[in-house]
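A short write-up of the structure that comes next.
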2 protein chains.
Amino acid sequence: MKLNTKSRYAVMALADMSKFPINNPVSLRDISLRQSISLLYLEQIFLKLKKNDIVKSVRGTNGGYVLKRDPKNIKLSEIFQALDQKVKTVGCKKDSKKGCNGKSAKCITHELWDELEIYINNFFENKKLSDLSLTKGDI
Amino acid sequence: MKLNTKSRYAVMALADMSKFPINNPVSLRDISLRQSISLLYLEQIFLKLKKNDIVKSVRGTNGGYVLKRDPKNIKLSEIFQALDQKVKTVGCKKDSKKGCNGKSAKCITHELWDELEIYINNFFENKKLSDLSLTKGDI
DNA sequence: TGAATACTTGACTATTTTAGTCGGGTATAT
DNA sequence: ATATACCCGACTAAAATAGTCAAGTATTCA
């Protein structure tokens, strides 16, 4: 059970951004340097964050990305969702007719995994970007 | 963030076993058939469960595996540990001097991941094998 | 005693996922 | 104009995962 770098980097980058005055575009190049994340990888990540309405982009010289909302209103769950980073505990679909439906022999433990999924999602649901960015002084 | 099949199967198999009278050896072959898990894969899994004192083996005809303790006293966290299935949220070591130490630029979000790890482990720590095996009627 | 059952163990392999790169764009400020 | 910085799909290397194989050993029962 491992967190992937994409969502981890996304949170790091957004936390980094949230240290700067809002509406002040932060370039991926700068984030890349400060957080030691490959620029090209960051581009991939921010594309998704943009599509999911978490950031908006400002093109051209002195451009960059800007948080679309106040860090207080950005839940970590949104960030994870943006990167298709679901908490997947089981292979079988929840409501599929054949195979596992939570009652069959195969998935005696299905309920448990569902419960775990909800439990973990709950963690992210209750954390805001502001919860992390404001606690530390330096970047 | 995905659970691997090894630990999932381990829990399924143990839940299956715990339906039968204790001290009654359950063969992997039977578990394999009931739960549709490859026998050879189960063997691999049970070797680890045995090494970690969760089950004991009975060789020979009518042999199989037996739970070493009452399902009420087997925490899911033990099962996961037995399969080296740690909840890993970050790559960097917790106390390494160079690189990330929770305060450096790189790991602005380190505390968050630690918190998540503890949170998830807590789930498994508070679940017993008996919590799942007894709730369902059939196997 | 020997055949069948069932555990034991390490090594091996195919598949999938992950992490990250590459190349060729487009928009905008100065 | 030109440098900066976002845009986007396709690609690839490496690692992890899932599962198999081969060659055992121990025990029971006929």
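Here is the naming used below: chain letters follow the sequence lines, and residue numbers restart at 1 for every chain.
Contact annotation: B:Asn62 reaches the phosphate of D:dC29 (side-chain N/O to OP1 or OP2, under 4.0 Å). Side-chain nitrogen and oxygen atoms of B:Tyr9 include at least one within less than 4.0 Å of the OP1 or OP2 phosphate oxygen of D:dG19. Taking only side-chain nitrogens and oxygens, A:Lys6 never comes nearer than 4.0 Å to OP1 or OP2 of C:dT18. Within the structure, every side-chain polar atom (N or O) of A:Ser27 is placed at least 4.0 Å from both OP1 and OP2 of D:dC6. For the OP1/OP2 pair of D:dC6 and a distance below 4.0 Å, the side-chain nitrogens and oxygens of A:Lys50 include no atom meeting the criterion. Taking side-chain N and O atoms only, A:Thr5 has a distance below 4.0 Å to OP1 or OP2 of C:dG20. Within the structure, every side-chain polar atom (N or O) of B:Tyr41 is placed at least 4.0 Å from both OP1 and OP2 of D:dC21. Residue B:Ser57 places no side-chain N or O under 4.0 Å from the OP1 or OP2 atom of C:dA6.
Protein atom CG of A:Leu3 is 11 Å distant from nucleotide atom P of C:dT18, rounded to whole Å. In this entry the distance linking CG of B:Leu49 with C1' of C:dT8 reads 14 Å, nearest Å. Rounded to a whole Å, the CG atom of A:Leu39 is 13 Å from the P atom of D:dC7. What separates CG of B:Leu42 from C1' of C:dT9 is a distance of 16 Å, to the nearest Å. The distance from atom CG of A:Leu47 to atom P of C:dG24 is 19 Å, rounded to the nearest whole Å. We find that CG of B:Leu28 is positioned 16 Å from P of D:dG19, with the value rounded to whole Å. Separating the CZ atom of B:Arg29 from the P atom of C:dT8 is a distance of 17 Å, rounded to the nearest angstrom. At whole-Å resolution of the value, NZ in B:Lys56 and C1' in D:dA26 are 17 Å apart.
For a distance-only test at 3.5 Å, the side chain of B:Arg59 fails to qualify as a donor-acceptor partner of the base of C:dT5. Side-chain to base pairing of A:Gln44 with C:dT21: one donor and one acceptor N or O lie within less than 3.5 Å of each other.
Closest to the side chain of A:Asn4, from the set C:dT18, C:dT8, D:dA18, is C:dT18. The A:Glu43 side chain lies nearest to D:dC7 when the options are C:dC7, D:dC7, C:dA6. With distances taken from any side-chain atom of A:Leu40 to the nucleotides D:dT27, C:dC22, C:dA19, the minimum falls on C:dC22.
In this structure, A:Arg29 places its CZ atom where only 12 or fewer heavy-atom neighbours from other residues, nucleotides or ligands lie under 6.0 Å away.
When all heavy atoms of A:Ile120 and B:Tyr119 are compared, the closest pair comes out as CA-CE2, 4.2 Å.
The hydrophobic cluster containing B:Phe123 also contains A:Phe123, counting ILVMFWY residues as joined when their side-chain heavy atoms lie under 4.5 angstrom apart, directly or transitively. Linking ILVMFWY residues whenever their side-chain heavy atoms come closer than 4.5 Å, directly or via other members, places A:Tyr9 and A:Ile79 in the same cluster.
Of the listed residues (B:Met17, B:Arg34, B:Gln35), just one forms a side-chain contact (heavy atoms from CB on, under 4.5 Å) with B:Met12, and that residue is B:Gln35.
Nearest-nucleotide positions on DNA chain C for A:Lys2 and B:Gly60 put B:Gly60 closer to the 5' end.
Residue-level contact check: A:Phe46 touches neither bases nor backbone, having no heavy atom under 4.0 Å from any strand.
No salt bridge links B:Glu78 with B:Lys128; every basic N to acidic carboxylate O contact stays at or beyond 4.0 Å.
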